[in-house]
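Report on the following structure.
Keep in mind that what you see is a predicted model, and the values were worked out from it rather than measured.
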Amino acid sequence: MSFRAVNIIATLAVVAALAAEDRGDSLYLDFGTALQAVLTNNADVTEAKFAWLSESEAATGAYGKFEPRLVGRAFKETAERPGALFTETKEEYKIGVQGALPTGTEYNVGFNQATYTHSDYTSELYFGGELRQHLLKDGPLFFSATNELEQARLRRELAYQKYREALNDILEKFCDAYWNYYYADRFLASATESARVAKDIVEDAGKRLKQGLLSPLDYSKAVAEYSDRESARLDALDKLRGARLTLLLTLSSGEYIHDPRPIAMRPDLAPDSAARLDSLTFLDSMSLMHPGYLSQGAEVMLRESELSARRADWLPTVDLIGNYGIRSRNDKAREAVRNFKTEGKRQTVLAGGIEINIPLFGGVAERHRISAQKYSVRAARTRLMLLQAQIFEEYRILQNRAQEIREQWRYGQIAVEYHQKELEEEFKKLAMGKSNYREIFEMEEDLREAERRQLENMRTLRIIDVRLMRATGKLLLQNGLETWKNDRLVLREDLTAE
């Protein structure tokens, strides 16, 4: 059997597979469609997304600290004393607006009325406002009033970067499963072709044995070689099943999992040229785009904000208080009301003062909380520096390995072309009686091994390229999951929708 005939059979097999795919007999797995299924159905991604949405709501809700509030009270009381001719009554009404400002100021503006009848108490009506300015604790020092807002914003940013990290994780996992399946599929194709060639040789050897042109030992050798190759094909088939299961579980889609058809892929196999980044360029890219680095950076800032809050709690309370308003007082309730309505009979009130609250032992609990938080900040900063070094070292190793794999790809292609020509020439010698099956099997095995090394290089390079992009923080950007907007990366709209 000539090598040309073997090539024709292989070509027909490929054409048949493509025809089956066109008829719908295969499940064509487009990379983009499959990736969208992963993003939609993966539980880790969904959990990280909801955690970010939760923190976003909490960050917005933190502004409610400065929301003005309407407060009011309506109260009526009656009291009877033994032997009294009249029942003592009290009517109390309050309505006003209270709130706080980012400057550490609290305000209370409203109207108060307390009127008594047949009582020893004096009726009073008051309309005005009171301001309380926190100077130290809860004041503008260490941004106490807005610290909660900053912490809420940082928690939202931290959750956002963890969401991006979850997307990176599942994207890398999907790419691994995708290329591992493609490798297993091509490996099976190579093993199947090898077994087919061996079977054809066995059939040819059987004819030669009957004609007395081949010894029984050489025939047994051909059968043994075929048996080895058929066993290897079955092993490759089992590995393909495992790779298919891993890929379908990664997709997490019932549509794909319950589809019994074989999976077909048409990926671009040409190796891309790798762009090397200098250390400064890489560090810039990492600090702007890498979710793990940005997440840890947000963690550092969050702990620093908490440290500021601890320091603010340690400060003594020193408040300035002032109020201004109009007031009317009288033993008779109706007279008090009447005087309040008359400008000349009511009082103008202006008052002010200071309040202090100072721990006598310097705030023991607060001081120790500050010390504890300082250690927490130092730990987070140390972690950030270690993470930066780790990411950079990982990138450097991956970059070197990617360059080596590209060289191996080039050398491997030369080896495959050589072994193809060598096997073709050996088939010609066999047809002229100048070769034997042993040489054919050895050369065919060399060719298959060279092809498998090429497949392995292809799979390794694709996975390394994904990890390289992840190390620079560009993996989501490269796959169209986020874009630049207002000098920052923003996830695609469907990934941020509820």
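The shortest side-chain heavy-atom distance between Thr40 and Thr46 does not fall under the 4.5 Å cut-off. Within the 4.5 Å cutoff, side-chain heavy atoms of Ser305 are placed close to those of Asn147. Phe31 is listed as a side-chain neighbour of Asn479, based on a closest heavy-atom distance under 4.5 Å. Proximity of Met286 to Phe392: side-chain heavy atoms (C-beta onward) are nowhere separated by under 4.5 Å. Side-chain contact between Arg410 and Glu407 is present, with at least one heavy-atom pair separated by less than 4.5 Å. Contact of the Gln388 side chain with the Leu384 side chain is not registered, since no non-hydrogen atoms from C-beta on lie closer than 4.5 Å. By the 4.5 Å heavy-atom criterion applied to side chains, Arg156 and Trp52 are counted as neighbours. In this structure the side chain of His290 never reaches within 4.5 angstrom of the side chain of Thr472, judged on heavy atoms.
The two atoms that bring Ile440 and Glu426 nearest to each other are CD1-CG, 3.5 Å, heavy atoms only. Here the closest heavy-atom approach between residue Leu149 and residue Tyr63 is recorded as CD2-N, 3.6 Å. Asn168 and Pro291 make their closest contact through ND2-CG, 3.4 Å (heavy atoms, listed as atom of the first residue, atom of the second, distance). Of all heavy-atom pairs between Tyr226 and Ala198, the closest is CA-CB, 3.7 Å. Taking each heavy atom of Ala177 and Thr250 in turn, the nearest pair found is CB-OG1, 3.9 Å. Shown here for Ala166 and Ala48, the closest heavy-atom pair between the two residues is CB-CB, 3.7 Å.
Here Arg155 does not pair with Glu55 in a salt bridge; the nearest charged N to carboxylate O distance is not below 4.0 Å. Note on Glu482 versus Arg492: no salt bridge recorded, every NZ/NE/NH1/NH2 to OD/OE distance being 4.0 Å or above. Under the 4.0 Å criterion applied to side-chain N and carboxylate O atoms, Arg406 and Asp465 are assigned as salt-bridge partners. Checked for salt-bridge contact, Lys421 and Glu417 miss the test: no charged N lies under 4.0 Å from a carboxylate O. The existence of a salt bridge linking Lys429 and Glu439 is excluded, since no basic side-chain nitrogen approaches an acidic carboxylate oxygen closer than 4.0 Å. With salt bridges taken as basic N to acidic carboxylate O contacts below 4.0 Å, none links Lys374 and Glu304. A salt bridge does not link Glu456 to Arg452: none of the charged nitrogens lies less than 4.0 Å from a carboxylate oxygen. Between Glu394 and Arg401 there is no salt bridge, since no side-chain nitrogen of the basic residue lies less than 4.0 Å from a carboxylate oxygen of the acidic one. One finds no salt bridge joining Asp185 and Lys239 here, because no Lys/Arg side-chain nitrogen approaches an Asp/Glu carboxylate oxygen to under 4.0 Å. Under 4.0 Å is where a charged nitrogen must lie from a carboxylate oxygen, and between Glu165 and Lys162 no such pair does. Between Lys173 and Asp169 there is no salt bridge, since none of the side-chain N atoms of the basic residue sits less than 4.0 Å from a carboxylate O of the acidic one. Note on Glu299 versus Arg303: salt bridge recorded, some NZ/NE/NH1/NH2 to OD/OE distance being below 4.0 Å.
For Asn400 and Glu404, the side-chain atoms include no donor-acceptor pair closer than 3.5 Å. Using a 3.5 Å distance cut-off with no hydrogens or angles, the side chains of Tyr395 and Gln399 do pair a donor with an acceptor. Checking Arg229 against Ser194 by side-chain atom types alone, a donor-acceptor pair falls below 3.5 Å. Thr246 and Asn180 form no side-chain donor-acceptor contact under 3.5 Å, judged by distance and modelled atom types alone. Judged purely by distance below 3.5 Å, without hydrogens or angles, the side chains of Gln161 and Glu157 pair a donor atom with an acceptor atom. In this model, no donor atom of one side chain and acceptor atom of the other lie less than 3.5 Å apart for Arg261 and Tyr256.
One finds the CE atom of Met469 at 6.0 Å from the NZ atom of Lys474 (value rounded to the nearest 0.5 Å). The line from CG of Asn41 to CD1 of Ile257 is 8.5 Å long, rounded to the nearest 0.5 Å. Considering CZ of Arg164 and CG of Leu294, their distance stands at 6.0 Å, rounded to 0.5 Å. Going from atom CG of Leu387 over to atom OG1 of Thr382 covers 12.5 Å, rounded to the nearest 0.5 Å. Rounding to the nearest 0.5 Å gives a distance of 5.5 Å between CG of Leu247 and CG of Leu29. Atoms CD1 and CG, on Ile405 and Leu461 in that order, are 7.0 Å from each other to the nearest 0.5 Å.
Of the possible polar contacts, none joining the Asn42 side chain to the Val38 backbone as a donor-acceptor pair under 3.5 Å is found. Checking side-chain atoms of Tyr163 against main-chain N and O of Leu495 turns up a donor-acceptor pair under 3.5 Å. No donor-acceptor pair closer than 3.5 Å links the side chain of Ser54 to the backbone N or O of Phe50. With hydrogens and angles ignored, the 3.5 Å screen pairs no side-chain donor or acceptor of Glu366 with any backbone N or O of Leu315. For the pair Ser376 (side chain) and Ala372 (backbone), a donor-acceptor distance under 3.5 Å is absent. With hydrogens and angles disregarded, a donor-acceptor distance shorter than 3.5 Å links the side chain of Ser215 to the backbone of Asp218. In this structure a side-chain-to-backbone donor-acceptor pair under 3.5 Å is missing from His134 to Leu136. Put simply, the side chain of Ser252 gets close to the backbone of Leu249: a donor and an acceptor are under 3.5 Å apart. In this structure, Thr496 contributes its side chain and Glu493 its backbone to a donor-acceptor pair below 3.5 Å. Counting only distance, with no hydrogens or angles, the side chain of Thr192 and the backbone of Leu188 share a donor-acceptor pair below 3.5 Å.
The neighbour count for Arg438 CZ, taken as heavy atoms of other residues, nucleotides or ligands under 6.0 Å away, does not exceed 12. Sparse packing is recorded around OH of Tyr418, with 12 or fewer heavy atoms of other residues, nucleotides or ligands lying under 6.0 Å away. Within 6.0 Å of the CD atom in Glu47, the count of heavy atoms belonging to other residues, nucleotides or ligands does not exceed 12. Taking a 6.0 Å sphere around CD of Glu148, one finds it holds 12 or fewer heavy atoms contributed by other residues, nucleotides or ligands.
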Evaluate salt bridge (Lys or Arg N to Asp or Glu O under 4.0 Å) for Glu444 paired with Arg448, printing each intermediate quantity in order. CA-CA 6 Å; Glu444 194 273 339; Arg448 300 306 168 197; 2.6 Å; yes

Pair Leu248, Leu245 - check side-chain contact (heavy atoms from CB on, under 4.5 Å), show working. CA-CA 5 Å; Leu248 293 179; Leu245 178 61; 5.6 Å; no

Walk me through it: do Leu455 and Glu451 pass the test side-chain contact (heavy atoms from CB on, under 4.5 Å)? CA-CA 6 Å; Leu455 284 174; Glu451 290 176 343; 5.8 Å; no

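Remark: Arg459 fails to qualify as a cation-pi partner of Trp179 under the 6.0 Å distance and 45° angle criteria applied to the six-membered ring. Under a cutoff of 6.0 Å and an axis angle of 45°, Arg266 and Tyr28 form a cation-pi pair.
Partner of Tyr437 under the side-chain hydrogen bond (donor to acceptor under 3.5 Å, both in side chains) criterion, out of Arg208, Glu225, Lys221: Arg208 alone. The salt bridge (Lys or Arg N to Asp or Glu O under 4.0 Å) with Asp176 is formed by just one residue from the set Arg462, Arg467, Arg470; it is Arg467.
Note on ring orientation: taking the six-membered ring where Trp is involved, the planes of Phe187 and Tyr183 are tilted (angle from 30° to 60°).
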